[in-house]
Amino acid sequence: MIRRLINKVLGKKAPAGPRILPLDKHGIRREQIHGCALKVTDTLAHEGFAAFVVGGAVRDLLLGRTPKDFDVATNATPDDIRHLFRRSRIIGRRFQIVHVYCGADLIEVTTFRAAAPPADDEEEDGRVTAADGMLLRDNVFGSQEEDAARRDFTVNALYYDPQKQEIWDWHGGVADAQKKVLRMIGDPAQRFREDPVRMLRAARFAAKLEFHIDPATRAPIASLANMLARIPPSRLFDEMMKLLLSGHAERGVKQLRAEGLHHGVLPMLDAILDDPARQKFLHFALHDTDSRIREGHSASPAFMLACLLWFDMQKELKHNRGRGDHEQAALFEAMDTALERQRRALAFPRRFDGTIKEIWSLQGRFEQRSGARPYRLLSHPRLSAAFDFLVIRAESGDADPELADWWDRFQDAGEAERAEMLLPAQGGDAKRKRRKRRKPADGASAAPAEND
Ligand code: ATP
Ligand code: MG
């Protein structure tokens, strides 16, 4: 009471203290925690440190969902943690965290961090926040209370103690989870200014959790959306890929639009959302990818990029064909041009290029359904992704549905049925063969994978 009064006089927000919920109030049992996270929290607790499972895992368990990963927060320092676990290393990205390994599993362990300093706080080594309130540095150790205050949404600031099977709820996250409300901790506008990526996170979590964004949290987003331009492109790319590969991308992109966040986030998304034909393709791409992910299949950033950039590549290809280029040369150049042009707008990693090009170039090879060629495709390592891509094209009117259906059956068919399915060799094939003898340049088909 007195502390609250003093804080009030000093203009500080009253620290309410956590609400501590026992097992029968939340139902999360120790056995539901990943073994590696238990090993980490048990070891830390045994050494006398506070150790909690925190963030998305507690939120998802509370909502009856399967957590993606288990993060641990503790008052032990990175060095303490490093010394307690043989298979661990300190990662110095934006914040210092420790990766602890158990077999192939990995747990991220973070030391409680201090709350963000006020916007006008100056330090010897320069400002910790920029004039517009964006956080420049944020890696000072703090109390659990401070750690909770610097998290983004109330449902993301829940701490689970596996020793006592208690949830420590600092900001009413349990009640918000029950009400399905996504609520920013603290002053929403200030928190979005500190880190504009939180606006994208709001859209992502609202879509994933099927929550609605609390009106006060939502209100400042539209007017702050342009602050996303200040975020390093690589971080924007990562965050957008999280959204697009979350299994809830369709709703996520809708949510982005609803919040006025869809422009200027991903240049390739911008182009798509302004063109009805591309929108239709994107709709099926997101819908199919969401279903696959939710069924436990994988989807990669490369697949998503292949979808997002398909029309750009097609445009280049048409242009090159119009110039009279050989089909293969036209295709290779179109793929390179489409990727390089996008890369000038957004420097996405080059490691995806090979897969993107394979998915694209296999599209032409699906057209060839006579002779030995379809059989060669069957063992192609990228067949499955390229076929998924073909299905999306067929659904959205960009490819003949009969072709997708044929490949669907051909992949599952037995030997005899396959032989029956083959189409008769066509003039085009003969012509291609003749050309092939002269020069390797070949039909739409003759993609690089032909040499595999
Ligand atoms: P997901 O299931 O998508 O991984 P998550 O809640 O675990 O969801 P992460 O991005 O893995 O999300 O972050 C882990 C936790 O770190 C969050 O729950 C949140 O408490 C905190 N956090 C992450 N990013 C931010 C941010 N930009 N601002 C404030 N807190 C953040
Ligand atoms: Mg997480």
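Whatever order the structure lists ligands and atoms in, that order sets their numbers, starting from 1.
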So if I count the atoms of ligand 1 from 1 in the order they appear, which ones are less than 4.0 Å from some heavy atom of [X]?
X    : result
R235 : 27 (N)
R150 : 29 (C), 30 (N)
K208 : 1 (P), 2 (O), 3 (O)
R59  : 1 (P), 2 (O), 5 (P), 6 (O), 8 (O)
D71  : 14 (C)
G55  : 18 (O)
R204 : 3 (O)
D195 : 26 (C), 27 (N)

(request) Starting from the Mg ion (ligand 2), count all protein N, O or S atoms within a radius below 2.8 Å. (result)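 Of the protein's nitrogen, oxygen and sulfur atoms, 1 lie under 2.8 Å from the Mg ion (ligand 2).
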(request) Measure the acute angle between the ring planes of F112 and F52, then classify it against the limits of 30° and 60° as parallel, tilted or perpendicular. (result)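 F112 and F52: tilted rings.
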(request) For the residue pair H99 and Y101, categorise the inter-ring angle as parallel (less than 30°), tilted (30 to 60°) or perpendicular (more than 60°). (result) perpendicular
(message) Quick check with a 6.0 Å cut-off and a 45 degree axis cone: is R343 positioned over the face of F348's six-membered ring?
(response)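 Ring-cation test returns yes.
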Looking at [Y] and [X], is any side-chain nitrogen of the basic one under 4.0 Å from a carboxylate oxygen of the acidic one?
X    : Y    : result
R204 : E239 : yes
R341 : D312 : no
R235 : D195 : yes

(message) Checking contacts here: is it the side chain or the backbone of R151 that comes within 4.0 Å of ligand 1, counting heavy atoms only? Could be both or neither.
(response) both
(request) Report, as yes or no, whether the 6.0 Å neighbourhood of atom NE2 on H297 holds more than 12 heavy atoms from other residues, nucleotides or ligands. (result)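 For H297, atom NE2 is crowded (more than 12 foreign heavy atoms under 6.0 Å).
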(message) Quick check on F153 - does any of its heavy atoms sit under 4.0 Å from an atom of ligand 1?
(response)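 No, that is not the case, since the closest heavy atom of the residue is not under 4.0 Å from the ligand.
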(request) With the side chain counted from C-beta on, respond yes when L62 and I167 share a heavy-atom pair under 4.5 Å apart, and no when they do not. (result) yes
(request) Tell me yes or no: between the side chains of T77 and D80, is some donor less than 3.5 Å from an acceptor? (result) yes
(message) For R29, is there any backbone N or O sitting under 3.5 Å from a side-chain donor or acceptor partner on Q32?
(response)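 Yes, the answer is positive, given that a donor and an acceptor are paired below the 3.5 Å cut-off.
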(message) I'd like to check whether R191 has a polar contact with ligand 1, where a contact means an N/O of the residue lying under 3.5 Å from an N/O of the ligand.
(response) no
(request) Compute the centroid of each ring, for W407 and then for F387, and state whether the two points are separated by less than 6.0 Å. (result) no
